[in-house]
Q: 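The structure follows.
What you see below is based on every heavy atom in this structure, not just the backbone, and it leaves out hydrogens, waters and symmetry mates. Reminder, nothing fancy here: chain letters follow the sequence lines and each chain counts from 1. Here the structure is a predicted model, which is why all the values come from computation and not from measurement.
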There are 2 protein chains.
Amino acid sequence: MSVNHSLADDLGFLLSRASGVVARSVSDALAPLGLRVRSYSVLALTGEDGAGVTQRRLAVLMGLDPSQVVALVDELESRGLVTRTPDPADRRNKLIVATEQGCQVRSQAQQLVDQAHSGYFARIPQGDLDRLRHVLQQIAFPDETPTEHEAETSTAGE
Amino acid sequence: MSVNHSLADDLGFLLSRASGVVARSVSDALAPLGLRVRSYSVLALTGEDGAGVTQRRLAVLMGLDPSQVVALVDELESRGLVTRTPDPADRRNKLIVATEQGCQVRSQAQQLVDQAHSGYFARIPQGDLDRLRHVLQQIAFPDETPTEHEAETSTAGE
DNA sequence: TATTGTTATACTCTATAACTATA
DNA sequence: TATAGTTATAGAGTATAACAATA
């Protein structure tokens, strides 16, 4: 399994290159909104649960150290895009919720991100993209049992 | 194509997460050899052409700015793993060639990288990995016509 | 004692401009 | 002039340890 390596065939290298290409494109697309990939991710995640997300959960979901989340939330909060309120049930938790303005910026951002993505993904068949998504999820979250939030994608082909 | 975003389904996000997971693992695996992902890539690329590789070409292949290549080559050169000699045909070019010791370290490194990769890729069917590689190449090198430098590898795939 | 968030710090990675030497 | 390499620098991303507030 380790014969005649060409770096252009190395999956780790290709992941890094592809990730960089897309991230740069997304970053450029988000610049007009004053967002970067990370702050966009935070904003996107705050929209997935109306009750709010704890910073700890943001860190887990984004694969970051909790200390890195602080500055991201600080910035969004100072711009009035999210609020940071202690959870009444457990005051150690801070619940991050998008403001109305934050929701507006988020949907604008999602459009821009989609445009940027389409520049790279549009030419690739939808089935390939679905398989790509599935495989990437396996790599990115190796511990997750796929049946948890995935039950429909059954590749099992050829 | 842009409905009901969940970040866990966002290809850009998944690329970044997966890339980070694998890169960290590879980086840890290479630590005993005093290499990081970047320096390993340089070393790997020097092995693909016996005549040597120019720094400019390294920069293009790795998607880096030429100025970033300098420090990488400096480090490998100071460790005696590569040599940096002016091209007699065009003395602006510096040809980077792996030394004998560099070749030894490279093959050790490739084994370690393979082990690290297998931790993530082994459970994924080979056909899926081939498709993944192909799609990633399209994303990472959108301008390339795949037949250009893929004519000789003839991996008997598809 | 354990957990959430926070601060501080250091290191790596990335991006850019200006300089040199060769062509 | 144009290109390959180099230097310098600033910003963004990443990793770690220590601390305060709360459970």
Side-chain angles (χ1 to χ4, degrees), chain A residues 12-13 15-28 30-31 34-42 52-78 82-97, chain B residues 12-13 15-28 30-31 34-42 52-78 82-97:
Chain A
F13 172 75
L15 276 171
S16 172
R17 284 287 269 128
S19 166
V21 164
V22 174
R24 232 170 317 234
S25 162
V26 169
S27 186
D28 291 347
L30 288 173
L35 293 175
R36 276 161 304 198
V37 193
R38 287 285 153 66
S39 38
Y40 165 73
S41 294
V42 171
V53 190
T54 70
Q55 295 188 192
R56 180 67 51 165
R57 179 145 177 74
L58 286 175
V60 170
L61 291 172
M62 297 174 64
L64 301 178
D65 190 89
S67 65
Q68 301 176 245
V69 178
V70 178
L72 291 171
V73 174
D74 278 351
E75 189 197 330
L76 293 175
E77 188 185 30
S78 74
V82 303
T83 60
R84 178 195 252 145
T85 52
D87 180 357
D90 183 342
R91 293 176 53 78
R92 288 176 303 183
N93 292 331
K94 308 261 179 98
L95 295 175
I96 313 302
V97 182
Chain B
F13 173 74
L15 276 171
S16 172
R17 283 288 268 130
S19 167
V21 164
V22 174
R24 235 170 314 236
S25 161
V26 168
S27 186
D28 291 346
L30 288 173
L35 293 175
R36 275 162 303 197
V37 193
R38 287 286 156 65
S39 36
Y40 164 73
S41 294
V42 171
V53 190
T54 69
Q55 298 188 191
R56 181 66 52 164
R57 180 144 176 77
L58 285 175
V60 170
L61 290 172
M62 298 174 62
L64 301 178
D65 190 270
S67 66
Q68 301 176 242
V69 178
V70 178
L72 290 171
V73 174
D74 278 350
E75 188 197 332
L76 293 175
E77 187 185 32
S78 74
V82 303
T83 59
R84 178 195 250 145
T85 52
D87 180 356
D90 183 342
R91 296 176 49 79
R92 290 176 301 182
N93 292 332
K94 308 262 177 98
L95 295 175
I96 313 302
V97 182

Q: Which value, rounded to the nearest 0.5 Å, describes the distance between B:L35 atom CG and B:L76 atom CG?
A: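 Going from the CG atom of B:L35 to the CG atom of B:L76 covers 7.0 Å.
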Q: Return the CG to OG1 distance between A:D90 and A:T54, rounded to the nearest 0.5 Å.
A: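 Nearest 0.5 Å value for the CG-OG1 distance: 9.5 Å.
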Q: Do any N or O atoms of the protein come closer than 3.5 Å to N or O atoms of nucleotides 9-12 of chain D, and which pairs are they?
A:
{"unit_1": "D:dA12", "atom_1": "OP1", "unit_2": "A:R36", "atom_2": "NH1", "d": "3.3"}

Q: How would you list, by chain and number, every residue that makes a salt bridge (Lys or Arg N to Asp or Glu O under 4.0 Å) with A:R24, sequence neighbours excluded?
A: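 Salt bridge (Lys or Arg N to Asp or Glu O under 4.0 Å) list for A:R24, sorted by chain: empty.
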Q: Answer yes or no: is there a side-chain heavy-atom contact under 4.5 Å between B:I96 and B:T83?
A: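 No; the side chains remain at least 4.5 Å from each other.
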Q: Quickly work out the B:L58 CG to D:dA4 P distance and round it to whole Å.
A: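 Taking CG of B:L58 and P of D:dA4, I get 13 Å after rounding.
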Q: Whether the side chain of A:S27 engages the backbone of A:A23 through a donor-acceptor N/O pair (distance < 3.5 Å, no angle test) should be reported.
A: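 Checking the backbone N and O of A:A23 against the side chain of A:S27, no donor-acceptor pair under 3.5 Å is found.
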Q: In terms of heavy-atom contacts, does CZ of A:R84 have more than 12 from other residues, nucleotides or ligands at under 6.0 Å?
A: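 Yes.
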Q: Would you mind building the protein contact string for nucleotides 14-23 of chain D? One character per nucleotide, 5' to 3', B for base within reach (heavy atoms under 4.0 Å), S for sugar-phosphate only, - for untouched.
A: BSBB----BS
Q: Using a strict 4.0 Å threshold on nitrogen-to-oxygen distance, state whether A:R36 and A:E75 make a salt bridge.
A: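 Answer for the salt bridge query: yes.
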Q: C:dC13 P sits how many Å from B:L72 CG, rounded?
A: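 After rounding, the gap between these two atoms is 8 Å.
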Q: Check this one for me: any side-chain N or O of A:R57 less than 4.0 Å away from OP1 or OP2 of C:dT3?
A: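 Answer is no, no contact under 4.0 Å.
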Q: Could you check whether any side-chain N or O of B:S41 sits under 3.5 Å from a backbone N or O of B:V37, counting only pairs where one atom can act as donor and the other as acceptor?
A: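 Yes, the answer is positive, given that a donor and an acceptor are paired below the 3.5 Å cut-off.
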Q: How long is the line joining CZ of B:R56 and C1' of C:dT20, in whole Å?
A: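 Computing the B:R56:CZ to C:dT20:C1' distance gives 14 Å.
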Q: Please report the distance, rounded to the nearest Å, between CG in A:N93 and C1' in C:dT6.
A: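 About 14 Å, once rounded to whole Å.
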Q: Just N and O in the side chain of B:K94: are any of them under 4.0 Å from OP1 or OP2 of D:dT6?
A: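 For D:dT6, OP1/OP2 do have a side-chain N/O of B:K94 under 4.0 Å.
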